[in-house]
Amino acid sequence: MNDTIKQDTRHIWHPFTQHGTENVPPVIARAKGASLFDAQDNEILDLISSWWTCTHGHAHPAINAALAKQADTMEHVMFAGFTHPAAAALAEKIVDALPGDLTKVFFSDNGSTAVEVALKLAYQYWRNKGEDGRTLFLAFDGAYHGDTVGAMSVGKSCGFYTPYEDLLFRVDTIPFVDTWDGDVDIDARENAALAVIEKTLTANKDKIAALIVEPIMQGAIGIRLCRPSYMKAVSDMARAHGVLVIYDEVAVGFGRLGTLFACEQIGFTPDLVCLSKGLTAGYMPMSLTVATQGVFDAFLDKGFGKAFAHGHSFTANPLACAVALKSLELFSEENTLAKIAHIETRHRAFADTLTAHPCAEKIRVRGSVLAFTLRDANGYKSAAGEYLRGWFLSHGLNIRPLGGTVYLMPPYCITDAELTRAYDGIVEGLGALADRQAAA
Ligand SMILES: *Cc1c(COP(=O)(O)O)cnc(C)c1O
């Protein structure tokens with residue numbers, strides 16, 4: 001494994017990494033269930049599901065079998081002018097699981113491209129309808145929708161994109177109202193925000209193509225949760241103004257927040273929905289942008305001009321489709337939503353003990369997600385997050401704070417004993433942080 005480190009150090013450029021300061025990363029040799037194992041076979045609990053992708057657990061036997069079977073049958077075929085059973089069956093299953101008339105599935109390769117596709121579809125939808133004035137996109141402040149140029153544009157308020165600012169197209173932002181346990185003035189804050197949003201919608205009458213949202217949970221900015229009723233109110237308002245509504249369920253889809261899709265908790269059927277991450281149970285990159293029949297119909301014509309001229313080499317890759325199909329079947333075969341409900345019950349109990357902790361505030365729980373904000377001891381917040389990341393890793397826990405937010409988002413197969421290890425680890429880690437800050 002020393003070779004791996006040597007090769008990596010010489011040749012690899014890692015994502016979201018400052019190689020000027022970053023230490024040599026652990027080499028992960030294998031993974032099983034909720035755990036990763038390093039080269040010396042030390043166990044690291046994967047408490048953020050390898051960037052929120054792993055759902056049923058690492059190296060799941062049923063998914064492995066589905067993948068092997070598909071590989072023996074057909075690894076890939078181009079998807080323009082051809083189709084194949086795995087893609088067709090997956091599309092039908094996804095449409096059945098989604099609410100309302102979300103009936104048309106467009107395949108691409110990752111969360112960012114699913115967002116690009118949704119933005120382009122929304123933009124061209126209005127052109128195809130002859131409403132060329134609708135060119136503006138609305139997004140929430142603090143939104144993250146991926147790292148390609150369109151996705152960065154709608155996510156520019158998250159603050160990650162300073163070097164590219166001049167490259168991004170215009171997007172207006174509206175307020176996201178986050179909430180937490182014991183939040184007392186949420187009604188007043190939501191009402192004030194809704195008034196601002198109504199004003200933005202009115203001021204840009206007939207100019208807005210679409211509103212894009214991370215439904216209920218804003219992930220990358222620091223696991224901010226809003227009330228489903230707030231999402232519903234904003235979505236209804238946008239629709240009343242004729243604006244298309246895009247739900248980016250890349251992070252929250254496939255059970256993360258306790259239901260298969262977050263839109264179910266909101267009670268709203270968007271015009272376009274983006275799915276990725278959990279789609280393939282964390283196995284491989286693939287994404288879907290699902291459109292309503294009404295959106296699809298606006299692209300129908302006798303000539304090519306109104307068609308959606310977009311596609312990727314690996315569109316609807318059969319291996320990824322077979323994995324995604326098996327993953328959806330597992331949700332019923334393994335009663336996965338009940339497992340998530342159980343994780344939520346455990347999170348809730350731990351959240352109640354955290355309330356009394358001097359280092360934690362703004363505690364929030366929904367489905368498989370538990371998050372809290374580090375109380376800002378002497379302006380230490382993000383340094384504290386960095387310190388905790390290292391502490392957790394050296395204690396066998398993959399927990400990576402986002403700035404001052406510590407959170408858990410485990411694979412759904414996590415056991416009670418493993419959850420207890422995670423909770424105990426957080427309390428111990430916070431204790432180490434408090435000691436360190438007291439000594440500073
Ligand atoms: C991760 C994420 C994306 C981007 O997905 P990638 O697969 O990393 O490109 C988009 N939207 C949301 C909400 C995400 O969490």
Side-chain angles (χ1 to χ4, degrees), residues 13-17 48-55 106-122 137-161 164 168 171 173 176 178 210-226 231 235 245-257 261-263 265-266 270 272-290 310 312 314-315 317 320 323-324 327 366-369 371 400-403 405 407-409:
W13 194 334
H14 285 268
F16 297 117
T17 297
I48 60 164
S49 298
S50 280
W51 264 349
W52 323 345
T53 59
C54 182
T55 52
F106 192 94
F107 288 82
S108 61
D109 300 343
N110 55 63
S112 305
T113 57
V115 167
E116 296 291 338
V117 166
L119 297 174
K120 285 177 68 174
L121 284 175
F137 286 95
L138 283 191
F140 279 102
D141 61 23
Y144 177 83
H145 295 291
D147 291 338
T148 51
V149 174
M152 285 198 295
S153 298
V154 286
K156 77 179 116 187
S157 66
C158 75
F160 301 153
Y161 305 127
Y164 317 107
L168 308 182
V171 173
T173 55
F176 186 87
D178 63 328
L211 162 70
I212 183 165
V213 312
E214 286 165 278
I216 305 181
M217 186 187 86
Q218 285 192 323
I221 192 73
I223 316 294
R224 301 205 293 198
L225 293 173
C226 76
M231 270 292 118
S235 305
V245 178
I246 303 167
Y247 276 12
D248 175 357
E249 294 228 18
V250 167
V252 295
F254 302 98
R256 271 297 153 213
L257 301 183
F261 302 111
C263 62
Q265 295 179 46
I266 300 167
L272 292 154
V273 61
C274 306
L275 303 169
S276 189
K277 292 201 168 111
L279 170 65
T280 56
Y283 267 62
M284 51 224 294
M286 186 170 72
S287 62
L288 308 176
T289 307
V290 188
H310 182 112
H312 299 281
F314 285 100
T315 299
N317 173 253
V323 163
S327 165
R366 188 170 281 269
S368 69
V369 178
R400 285 171 67 107
L402 287 162
T405 297
Y407 72 99
L408 299 177
M409 207 185 287

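Below, all heavy atoms of this structure are taken into account, side chains as well, without hydrogens, waters or symmetry copies. Counting starts at 1 for both ligands and their atoms, in listed order.
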Mind checking the CZ-OG spacing from Phe106 to Ser287? Nearest 0.5 Å is all I need.
->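 Reported value, rounded in 0.5 Å steps: 9.5 Å.
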Would you please determine whether Trp52 falls within less than 4.0 Å of ligand 1 on a heavy-atom basis?
-> yes
If the cut-off is 4.0 Å to any non-hydrogen atom of [X], which atoms of ligand 1 fall inside it?
X	answer
His145	10 (C), 11 (N)
Gly146	4 (C), 10 (C)
Ala251	15 (O)
Gly111	4 (C), 5 (O), 6 (P), 7 (O), 9 (O)
Asp248	10 (C), 11 (N), 12 (C), 13 (C)

Give the residue and atom name of whichever protein heavy atom lies nearest to atom 14 (C) of ligand 1, and the separation in Å to one decimal.
-> Lys277 NZ, 2.9 Å
Among non-hydrogen protein atoms, atom 9 (O) of ligand 1 lies closest to Ser112 OG, 2.6 Å
Check the surroundings of atom CZ in Phe314: do more than 12 heavy atoms from other residues, nucleotides or ligands lie under 6.0 Å from it?
-> no
Shortest non-hydrogen contact from Leu225 to Arg366?
->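 Closest approach of Leu225 to Arg366: CD1-CB, 4.1 Å.
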Do Ile223 and Met409 come close enough that some side-chain heavy atom pair is under 4.5 Å?
-> yes
Do the side chains of Phe137 and Ile212 get nearer than 4.5 Å, heavy atoms only?
-> no
With under 30° as parallel and over 60° as perpendicular, where do the rings of Tyr164 and Tyr161 fit, or are they tilted in between?
-> tilted
